[in-house]
Amino acid sequence: MEKEKDPRAYDPATIEPRWQQRWEETGLYHSDIDPARPKHYALTMLPYPSGELHIGHWYAISPSDAQARFMRMRGRNVVFPMGFDAFGLPAENAAIKRNIHPKHWTFANIERMRGQLRRMGTMIDWRREMVSADPAYYRWTQWFFLQFFLNDLAYRKKAAVDWCPSCNTTLAREQVIGDDRRCERCGTPVIRKELAQWFFRTTRYAEELLDFSRIDWPERVQTLQSRWIGRSEGASVVFKTEAGDPIEVFTTRPDTIWGATFLVIAPEHPLVASLTSPDRKEEVEAYVATATRQTDLQREAADKEKTGVFTGGYVVNPADGDRIPVWVADYVLMSYGTGAIMAVPAHDERDFDFARRFGLEIRPVILPEGASPVTGDRMTEAATDLGAMFDSGPLTGTPAGEAFDRTVAWLEEKGAGKRTVSFRLRDWLISRQRYWGAPIPIVYCPEHGPVPVPEDQLPILLPDDVEWLPTGESPLKLHATWKHTTCPTCGGPAERETDTMDTFMCSSWYHLRYLSPRYDDGPFDPAEYRYWMPVDTYTGGIEHATMHLIYTRFFHKACRDIGVVQGDEPMTKLRNQGIILGEDSEKMSKSRGNVVAPDELVDRYGADTVRAYLMFFARWDLGGPWNSRGIEGTSRWLRRVWSMFTEESEGGTASQEVIDRLRRKLHQTLKQVTRNFEDFSFNTVVAALMELHNEMSQSRTDGAAGTPAWREAQEIYLKMLAPVAPHIAEELWERLGGQGSIHTQPWPEVDEKAAAAEEITLVVQVNGKLRDRVTVPVGIDDDEARRLALESEGARKFVEGKEVKQVIVVPGRLVNIVVR
RNA sequence: GCGAAAGUGGCGGAAUUGGUAUACGCGCUAGACUUAGGAUCUAGUCCCGAGAGAUCGGGUUGGGGGUUCGAGUCCCCUCUUUCGCACCA
């Protein structure tokens with residue numbers, strides 16, 4: 001069944017490798033500083049070298065590449081770099097499973113993925129590649145850690161941290177996902193562990209991170225980040241224990257303070273022991289022990305009935321001097337606010353539930369508008385709406401709108417409280433008890449405590465000879481010699497920090513290393529920074545909204561304040577692609593067997609077809625299920641384009657009308673494609689090119705081939721096709737006799753005159769319903785349009801015998817006749 | 001529970017942002033070419049009704065209401081799906 005190959009047929013398997021090689025040889029995609037041209041930094045999120053590129057990588061990268069190519073043709077000096085986020089757990093897991101060194105596994109994967117990226121036909125400048133696991137890179141990751149340490153942005157603290165028992169490491173808060181608090185990577189429910197760990201002070205930037213006014217990021221990402229940061233305005237109020245110890249609480253409703261009938265503190269609160277009376281000691285300790293042992297999953301289940309225990313201690317409400325009991329309950333979290341709340345059951349649902357359960361007093365002090373007064377024992381639910389204050393001492397009668405401000409002012413005057421803002425965001429835990437990461441450049445000296453490793457001793461290299469089986473301790477700790485060193489301060493014996501850094505630390509600054517990956521005097525060459533930064537367009541998945549995309553913004557702002565970088569934001573414009581699902585509309589996974597392998601598709605259709613189909617098959621920001629039949633249509637289109645450009649055709653006999661129609665469609669398409677590329681609306685780019693191809697085919701049938709207009713259409717067509725399908729466009733450009741590479745051609749200019757129609761179809765409506773269409777000259781005046789509409793046959797049938805009340809003329813579009 | 005996004009033919013989707021709904025592609029139907037077709041080409045293809053026919057009428061953007069000369073688009077209510085957060089004081 002072997003079929004004879006037609007030598008004239010479109011054969012991507014031949015032309016694609018040929019052009020890839022030629023582009024590489026000529027350095028077509030090298031981008032260097034050029035002060036004469038406006039720069040454009042196009043960045044797409046770097047892949048993790050997991051083995052090979054899957055279709056999701058192609059979906060993220062190839063449209064981003066097309067957009068970058070478009071910007072280049074529009075006259076920008078575009079840099080489109082690529083690298084590998086090469087540290088991380090999968091390398092260790094693979095190493096354990098296959099008994100190969102994580103380094104070998106990782107770098108073999110990188111080699112393979114580089115080849116795939118080349119095969120994709122990307123405009124990557126490979127001279128700028130960075131690999132985060134390369135000592136030349138992580139030397140500077142460690143350097144950044146030192147800058148943070150020296151500027152009080154990194155600190156070590158013993159705290160209850162999230163621990164993944166499967167990955168055997170701590171996780172940042174952001175890496176714990178879902179209602180059942182699972183590990184972001186492996187899905188195992190996390191547990192709590194008390195450990196001394198390194199943190200970055202991300203919370204110091206909480207307020208600034210909420211400001212998106214300088215960047216063009218999707219609303220969705222802004223919302224996700226804002227909610228993650230979780231800003232609440234309120235007041236901190238100090239209650240005093242009978243022993244005189246202050247207990248600070250945070251409340252968003254200071255106006256309800258006269259209704260506070262008890263206080264609740266978290267089981268981990270430092271004052272639990274001192275508040276507990278001897279007779280309650282046993283019960284309180286038992287409760288605290290249980291609460292601590294429980295996972296957060298069990299503790300934070302929202303529908304769980306509230307538990308708690310009375311400490312036997314009391315505090316004084318600073319508002320009215322009332323003595324109120326202190327309870328311990330796990331519905332109060334040590335990690336938010338101050339770990340203590342004033343409970344106002346009348347006006348807070350959680351406090352209401354708790355008070356009902358334990359028979360505590362419910363004392364209403366706010367009357368929401370329209371509500372009628374009730375006593376506490378008759379309330380069926382908390383009245384959480386704002387309202388006028390009553391039974392509130394000197395502030396009784398304060399209306400809803402002023403309640404908050406006046407109470408805070410009153411408390412401030414008394415020295416009992418002040419206005420504060422609380423954030424949900426927590427500091428970033430960066431310690432990991434794993435081998436395959438950048439070692440934290442700290443030495444512990446018995447004399448001097450944690451001492452930073454001097455800059456000139458970086459990088460702290462990872463040793464190759466380790467046992468990387470996870471034990472819960474860092475593998476570096478178990479190495480015979482690695483951790484033993486001397487104190488940089490006193491020269492005495494000391495031990496290295498054996499934890500490594502979260503890989504999100506590596507990916508927080510990779511866009512800077514691309515600028516000068518071999519630079520030795522700093523993390524990046526300042527001259528390159530000045531020219532290229534900030535990133536103009538950043539593309540990648542939305543799943544990083546509250547992880548990488550918060551970290552990298554924090555990192556940039558922190559570095560700005562240290563004086564390492566300039567500007568307030570690292571990435572000006574962000575665009576997210578959606579997710580490609582399997583053909584069964586389920587998430588792709590090996591176990592489901594619904595994985596689409598891009599290499600097989602390239603073998604069968606060629607990279608250009610795969611690129612074009614990925615741009616065409618769905619809205620880029622939404623993604624959707626794969627359709628293996630759909631790609632045939634895109635393949636067919638490129639084959640037809642090939643034929644249209646390569647087949648000899650008679651022509652030159654076309655009428656002026658045919659020529660005009662061709663040029664109109666051509667320039668209208670150019671206008672649309674330009675706009676769609678700017679908007680990342682890739683599916684309509686391809687659709688428009690298909691439409692224009694159809695029009696050109698028709699024109700050729702009508703004798704347009706061989707005319708100057710045909711030649712113009714061919715050239716513009718290829719230029720518009722070039723970002724989408726770079727190989728076929730380049731090949732056909734050469735065959736057409738084009739000068740140089742098509743990828744360095746300027747983007748064509750729209751001929752507005754050609755695009756404008758001489759005649760338009762005027763829609764005639766009667767009472768808003770389409771009744772006729774009339775062809776009219778383009779500049780027709782309203783009166784004439786009205787006359788033609790009223791005379792049109794289609795309209796007359798519906799107007800006859802009725803009174804014309806009104807005629808609406810939308811110039812160039814339609815006439816609507818309103819009758820009764 | 002809170003928040004966000006989406007709902008358009010058999011399917012993926014388009015609609016210049018309030019002005020011809022269903023572009024483009026898949027699939028399907030018929031035909032041509034062919035030893036053959038899961039290749040290629042041509043024509044057709046939202047639904048209902050009438051007509052031999054060209055055509056003609058009616059309906060249609062999850063559902064219901066509203067604003068407007070005119071609504072897929074704006075407003076209100078509602079349903080469904082997806083995602084994010086979830087005892088955050």
Side-chain angles (χ1 to χ4, degrees), chain A residues 1 3 9 177-179 181 218-228 230-232 234 249-253 256 264 266 299-304 306 329-333 335-344 347-351 353-354 422-426 542-543 545-546 578-579 581 613 616-619 621-622 624-634 636-637 639-640 643 668 671-672 675 681 683-694 761-773 794 797 805-810 812-819:
Chain A
M1 283 287 283
K3 219 177 78 177
I177 56 160
D179 50 359
R181 300 185 50 75
E219 200 68 37
R220 201 160 152 224
V221 174
Q222 293 186 28
T223 307
L224 286 171
Q225 292 203 347
S226 298
R227 289 177 66 88
W228 186 262
R231 184 183 195 274
S232 304
V249 303
F250 174 73
T251 176
T252 52
R253 290 293 302 276
T256 63
V264 188
R299 268 182 68 169
E300 291 183 7
D303 51 352
K304 190 190 79 165
K306 293 201 168 27
D330 64 5
Y331 82 93
V332 173
L333 311 172
S335 54
Y336 183 77
T338 62
I341 61 157
M342 63 175 207
V344 185
H347 304 296
D348 181 280
E349 282 173 25
R350 295 149 301 180
D351 299 342
D353 290 347
F354 194 80
S422 250
F423 293 95
R424 210 185 75 101
L425 185 74
R426 292 191 221 164
I542 191 137
E543 66 274 16
T546 56
I579 296 172
L581 302 171
Y613 182 60
F616 178 65
F617 91 102
R619 237 174 72 179
D621 57 333
L622 291 182
W626 179 259
N627 181 343
S628 55
R629 272 179 157 171
I631 193 171
E632 295 283 352
T634 312
R636 215 169 285 158
W637 163 59
R639 285 203 300 273
R640 286 176 184 148
S643 315
Q668 283 172 349
K671 215 167 161 176
Q672 189 195 328
R675 193 178 55 234
S681 176
N683 55 341
T684 51
V685 165
V686 177
L689 289 174
M690 287 173 168
E691 263 188 80
L692 178 56
H693 163 264
N694 293 344
T761 303
L762 192 68
V763 168
V764 181
Q765 295 182 339
V766 177
N767 286 349
K769 280 193 197 301
L770 176 72
R771 292 304 180 197
D772 209 343
R773 297 181 172 95
K797 280 195 291 187
K805 274 194 70 186
Q806 197 185 353
V807 179
I808 289 158
V809 181
V810 183
R813 282 200 195 280
L814 58 76
V815 177
N816 187 14
I817 303 162
V818 186
V819 298

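Bear in mind that the values here come from a model prediction, so they are computed numbers and not experimental data. Chain identifiers are assigned alphabetically (A, B, ...) following the order of the sequence lines, protein sequences preceding nucleic acid strands; residue numbering begins at 1 within each chain.
Residue-level contact check: A:R220 touches the backbone only, with heavy atoms under 4.0 Å from sugar-phosphate atoms and none from bases. Residue contacts for A:K769: at a heavy-atom cut-off of 4.0 Å it reaches the sugar-phosphate backbone alone, with no base atom in range. Across all strands, A:V810 comes closer than 4.0 Å to base atoms (heavy-atom distances). In this structure, A:D351 reaches neither bases nor backbone, as no heavy-atom distance under 4.0 Å exists between it and the strands shown. Here A:N816 lies in heavy-atom contact (under 4.0 Å) with a base. As judged by a 4.0 angstrom heavy-atom cut-off over every strand, A:Q765 is placed among the base-contacting residues.
One C1' atom belongs to B:A54, the other to B:U68, and the distance between them is 37 Å to the nearest Å. Here the separation of B:U80 from B:C26, taken at their P atoms, is 36 Å to the nearest Å.
At a cut-off of 3.5 angstrom, the base of B:C85 holds no donor-acceptor pair with the side chain of A:R424. On a pure distance criterion of 3.5 Å, a polar donor-acceptor pair joins the side chain of A:K306 and the base of B:C87.
A:F354 and A:Y331 have tilted rings, their planes meeting at an angle from 30° to 60° on a 0 to 90° scale.
Of all nucleotides present, none satisfies the Watson-Crick or G-U wobble test against B:U20 with each distance under 3.5 Å.
In terms of phosphate contacts, A:R629 brings no side-chain nitrogen or oxygen within less than 4.0 Å of OP1 or OP2 of B:G38. Between A:N683 and the phosphate of B:A14, there is a side-chain N or O to OP1/OP2 separation shorter than 4.0 Å.
Base orientation for B:G70: anti, the chi torsion being more than 90° from 0.
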